[in-house]
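Reading through the C-alpha cells given below for one structure.
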Amino acid sequence: MKKETLKIKAFNNPEIISYNIIGHLKDNHNISLNPGEFKLVYNSVIQTIRQLGENDLLKHDAETIING
C-alpha cells in the first residue's frame, strides 16, 4: 500500500483546526470526508470558537475547559 501526503495551506485558525480534525479521523479511524462534510466540520469549529469567546473561555487551556 502506497502512502501519499497532501499538503494544504490553511489560511486561518478554524481551517487549521478543521484540517487537524480531519487528519485525526483519517489517521486514527480511516474516515475520509468529502468537501460538504469538511464545510460542516469547519462551520462547527467556527461556532465553537464563537461560543468559547462569548463565555470568556478562550483565555483558558483545553484541560481547564474540559475538566471545569
Side-chain angles (χ1 to χ4, degrees):
M1 183 171 148
K2 182 179 177 184
K3 184 175 182 178
E4 294 184 21
T5 301
L6 176 64
K7 292 185 179 182
I8 300 172
K9 182 176 180 179
F11 297 100
N12 57 44
N13 287 339
E15 282 186 359
I16 293 167
I17 294 167
S18 299
Y19 284 122
N20 285 341
I21 291 168
I22 291 168
H24 174 79
L25 291 173
K26 179 65 178 162
D27 292 344
N28 295 337
H29 305 287
N30 201 28
I31 297 171
S32 296
L33 301 180
N34 65 41
E37 292 166 330
F38 172 78
K39 187 174 180 180
L40 174 63
V41 171
Y42 179 71
N43 287 331
S44 298
V45 169
I46 290 173
Q47 192 61 25
T48 300
I49 292 171
R50 283 184 183 144
Q51 289 175 358
L52 289 171
E54 289 170 2
N55 293 295
D56 199 32
L57 293 173
L58 288 174
K59 298 175 185 174
H60 304 280
D61 62 21
E63 290 299 318
T64 303
I65 294 169
I66 292 170
N67 296 323

- Note on the structure: The reported gap from CG in D27 to CD1 in I22 (rounded to nearest 0.5 angstrom) is 12.0 Å
- Among all residues two or more places apart in sequence or in another chain, which pass the side chain to side chain contact (heavy atoms under 4.5 Å, CB included) test with I21? I17, L25, V41, V45
- Check: N55 side chain, L57 main-chain N or O, donor-acceptor pair, under 3.5 Å: no
- Query: If you take all heavy atoms of S18 and Y42, which pair is closest and at what distance?
  - Reply: OG-CA, 3.2 Å
- For N28, check side chain to side chain donor-acceptor pair (under 3.5 Å) against everything at least two apart and list the hits. H24
- Task: Identify whether I31 and F38 are in the same connected component of the hydrophobic contact network (ILVMFWY, side-chain heavy atoms under 4.5 Å).
- Result: yes
- Got a sec, which pairs hit salt bridge (charged side-chain N to carboxylate O under 4.0 Å, His left out) with one end in residues 32-56, sequence neighbours left out? D56-K59
- Which value, rounded to the nearest 0.5 Å, describes the distance between I46 atom CD1 and E15 atom CD? 8.5 Å
